[in-house]
Amino acid sequence: MTFSIHGLAVAPGVAIGRAVLVASSRVDVAHYFISQDQVGDEVRRVRLARDAVVEEIHRLQGTIEQMGPREAPHELRALLDVHLMLLQDEELELGVKYWITERLYNAEWAMTSQLEVIARQFDEMEDEYLRERKADLEQITEKILRAMQQQSDALAGAAGSRPPILLGRERSQDAQEPLVLVAHELSPSDLLHFKQGVFAGFVTDVGGRTSHTAIVARSMDIPAVVGARNGSQLIDQDDWVIIDGDAGVVIVDPSPIILAEYRFKQRQAELDRGRLERLRDRDAVTLDGEAVELMANIELPEDTPAAMHAGAVGVGLFRTEFLFMGRQSHLPDEEEQYQAYRLAVEGMRGRPVTIRTIDVGADKPLGLHQEGTQLNPALGLRAIRWSLAEPSMFLTQLRAILRSAAHGPVHMLIPMLAHLGEIRQTMALIEQARAELVRAGVPHGVVQVGAMIEIPAAALMLKTFLKYFDFLSLGTNDLIQYTLAIDRADEGVAHLYDPLHPAVLRLVADTIQECRLQGKGVSVCGEMAGDVAMTRLLLGLGLRSFSMHPAQILAVKQEVLRADTSQLQSWAQTVLSHEEPGLMLAN
């Protein structure tokens, strides 16, 4: 039966595919397709892992037999019996075999897919005792996954490599059906894994329009709907799903008529993209001759080819925190960071690269950083606050950035500054890092240093900031969040998140104006920069440097080419003075 789920539209486009529900397991699971001749090996991997877990339980049972009732109570014996029963369950074994042989999923993916199928059955049981066995199922699945992980690690150690993960939207020749990801929540680091995955789009129960999960989705240029509430509970594994990233709607089990309509929309979108491609090599110059910089936001060095392909004149924001995420034991050292930054600089072939120092916290947790101890992570020890609290880590990053500047033009961007003391500490540490490189005789380069304007306090003390910094960059996502006291990752207040709020626009306009008066560079690197509905207004306010996801550059360039800034200036001031700018723009 066809039904729809409504959420928030965060990444445009239409995705049609079978649903893949993210498993409840805490084990990191790779998702990739196998070839037909690998099916037997993958089935054996599952069987060997299951047998290893069964053997482990038998050993535990043998140990328990030698203990007294106090040391090994009856409940423990019964628990092991339940685990054995679940391990030998025919539905689990046959289901996993189906996902491998029929859908060509790798063994781990097949195991988590079948876990979701059986877990849903447990949820629907009336008997409370049986419902609680779902936790046992998750535990034994996790044990099997860990056993497979140990097998893979052993093979990798012997062979020196791991099984290849298919990139982008590539498919094995044997795997034809597109897939969409359905989850309760996805972290940005999860999405980096999926950047090397096989999904055409995704749906999450939670999230807001400018949560970093949504931002990464846009950077991947795949349709996405977040804030779908209980979508992951309503959608079953392998359901056919349509994700309408323009309307924020998810259609489950669509009828043939609906499916045909959305396939037509997909074809139209492809044609539109083809027309925009013709603008790739054109300079971004307005009708009245104003040159505009259109730069790219990136998460990893591997994103630079997409930036170059889109015609970006540089990288306006390299989010370095994605190099740090998902680390379980140690942070990237100076050499690893230097090599990553160097690759990005070289990848842009002489175009400037703006590297932002690590910005973790709030909705970008770091594996080694204990945000859970903070009552409100968005207002806690995050971004520059954390860097200054960990000077050794910060100096390591600063040295790596300075070293990368030996390979091309590099700008350094400092996030979330609000206090003069923070500015002075930061500048002192930059000089210390430079002095350490000089003493060690390590090649490095000169960098321009800029500050993010994303806290209202910073926007209200622009003259002080411009005494210390070469340029400013408006991080509009956080600026809106902190100005309006809206958690941008919370779908419950998403309707209050308003980039056209008069207070927000005034802070943006004042920042642009003050930088232009003092001859300092200013850009917008938040989501406002890539929103074509905002392009004319920002041009009218005097902005000439935009940084956005590569997928958004051509659409914004089209707006720039059609704009006449001499006519937009007075109009922008009228919008700025209006009580409800959003209504004025809508008309």
Inset, instruction - Could you please spell out the steps behind the side-chain contact (heavy atoms from CB on, under 4.5 Å) verdict for Met534 and Glu559? - result: CA-CA 10 Å; Met534 301 292 297; Glu559 291 297 309; over 6 Å; no

Inset, instruction - Begin from the C-alpha positions of Asp510 and Leu507 and carry the test side-chain contact (heavy atoms from CB on, under 4.5 Å) through to its verdict. - result: CA-CA 5 Å; Asp510 288 350; Leu507 294 174; 5.6 Å; no

Are [X] and [Y] packed together at the side-chain level, in the sense that at least one heavy-atom pair is separated by less than 4.5 angstrom?
X: Leu537; Y: Leu505; answer: yes
X: Thr286; Y: Val292; answer: yes
X: Arg562; Y: Gln558; answer: yes
X: Leu331; Y: Leu323; answer: no
X: Val250; Y: Val241; answer: yes
X: Ile355; Y: Met412; answer: no
X: Val508; Y: Thr511; answer: no
X: Met584; Y: Thr574; answer: yes

Identify the two heavy atoms, one from [X] and one from [Y], that lie closest to each other, and give their separation to 0.1 Å.
X: Val225; Y: Gly7; result: CG1-CA, 3.8 Å
X: Ile553; Y: Ala310; result: CG2-O, 3.5 Å
X: Ala344; Y: Val353; result: O-CG2, 4.0 Å
X: Pro223; Y: Ala200; result: CD-O, 3.3 Å
X: Leu413; Y: Gly316; result: CD2-O, 4.5 Å
X: Ala247; Y: Ala9; result: C-CB, 4.0 Å

Inset, instruction - Report the C-alpha distance between Leu484 and Tyr497 in whole Å, list the side-chain angles of each, state the deciding distance to 0.1 Å, and finish with yes or no for side-chain contact (heavy atoms from CB on, under 4.5 Å). - result: CA-CA 7 Å; Leu484 302 181; Tyr497 185 93; 5.9 Å; no

Inset, instruction - With sequence neighbours excluded, tell me which residues meet ring pair (Phe, Tyr, Trp, His ring centres under 6.0 Å) with Phe471. - result: His411

Inset, instruction - Return the set of residues passing ring pair (Phe, Tyr, Trp, His ring centres under 6.0 Å) with Phe546 (not counting sequence neighbours), or none when no residue passes. - result: none

Legend entry - Any donor-acceptor N or O pair under 3.5 Å, side chains Glu436, Gln432: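 On atom types as modelled, these side chains qualify, holding a pair under 3.5 Å.
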
Inset, instruction - Please determine, by modelled atom types, if Gln339 and Arg342 share a side-chain donor-acceptor pair under 3.5 angstrom. - result: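 Side-chain D/A pair, Gln339 to Arg342: present.
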
What is the distance from atom [atom1] of [X] to atom [atom2] of [Y], rounded to the nearest 0.5 Å?
X: Met548; Y: Asn297; atom1: CE; atom2: CG; value: 8.0 Å
X: Thr357; Y: Phe318; atom1: OG1; atom2: CZ; value: 12.5 Å
X: Ser473; Y: Arg356; atom1: OG; atom2: CZ; value: 8.5 Å
X: Ile222; Y: Phe199; atom1: CD1; atom2: CZ; value: 9.0 Å
X: Phe322; Y: Leu300; atom1: CZ; atom2: CG; value: 8.0 Å
X: Gln481; Y: Ile455; atom1: CD; atom2: CD1; value: 10.5 Å

Does the [X] side chain pair with the main chain of [Y], one donor and one acceptor, at a distance under 3.5 Å?
X: Asp333; Y: Glu336; value: yes
X: Asp205; Y: Ser232; value: yes
X: Thr304; Y: Pro301; value: yes
X: Asn230; Y: Gln233; value: no
X: Lys557; Y: Arg282; value: yes
X: Arg385; Y: Gly380; value: yes
X: Lys520; Y: Leu472; value: no
X: Lys265; Y: Val14; value: no
X: Thr204; Y: His184; value: no
X: Glu527; Y: Asn477; value: no

Residues which pass side-chain hydrogen bond (donor to acceptor under 3.5 Å, both in side chains) with [X], listed by chain and number, not counting sequence neighbours:
X: Glu290; value: Arg544
X: Gln397; value: Thr320, Tyr341
X: Ser566; value: Asp564
X: Glu293; value: Ser545

Legend entry - With Ala433 via side-chain contact (heavy atoms from CB on, under 4.5 Å) - residues at least two apart: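 Per chain and number, Ala433 pairs via side-chain contact (heavy atoms from CB on, under 4.5 Å) with Leu395, Leu398, Arg399, Leu402.
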
Inset, instruction - Please name all residues satisfying salt bridge (charged side-chain N to carboxylate O under 4.0 Å, His left out) with Glu335, sequence neighbours left out, ordered by chain then number. - result: Arg403

Inset, instruction - Output, in order, the C-alpha distance, side-chain angles, deciding distance and verdict of side-chain contact (heavy atoms from CB on, under 4.5 Å) for Asp498 and Val504. - result: CA-CA 8 Å; Asp498 183 11; Val504 173; over 6 Å; no

Legend entry - Residue that, paired with Val524, satisfies side-chain contact (heavy atoms from CB on, under 4.5 Å) out of Leu543, Leu479, Leu541: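 That would be Leu543.
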
Legend entry - For Ser387, the option from Met416, Met393, Arg382 that meets side-chain contact (heavy atoms from CB on, under 4.5 Å): Met393

Inset, instruction - State whether the number of non-hydrogen atoms from other residues, nucleotides or ligands found under 6.0 Å of Arg280 atom CZ is greater than 12. - result: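 Yes.
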
Legend entry - salt bridge (charged side-chain N to carboxylate O under 4.0 Å, His left out) partners of residues 567-579, not counting sequence neighbours, each pair once: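 Passing the test, one end in residues 567-579: no pairs.
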
Inset, instruction - Could you note down all residue pairs passing salt bridge (charged side-chain N to carboxylate O under 4.0 Å, His left out) where residues 446-475 supplies at least one of them, sequence neighbours left out? - result: Lys463-Glu514

With a cut-off of 3.5 Å and sequence neighbours excluded, list every side-chain donor-acceptor pair involving residues 444-453.
residue : atom : partner : partner atom : Å
His444  : ND1  : Val442  : O            : 3.0

Inset, instruction - Sorted by first residue and then second, give each side chain to side chain donor-acceptor pair (under 3.5 Å) pair with at least one member in residues 528-539; sequence neighbours left out. - result: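 Sorted pair list comes back empty.
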
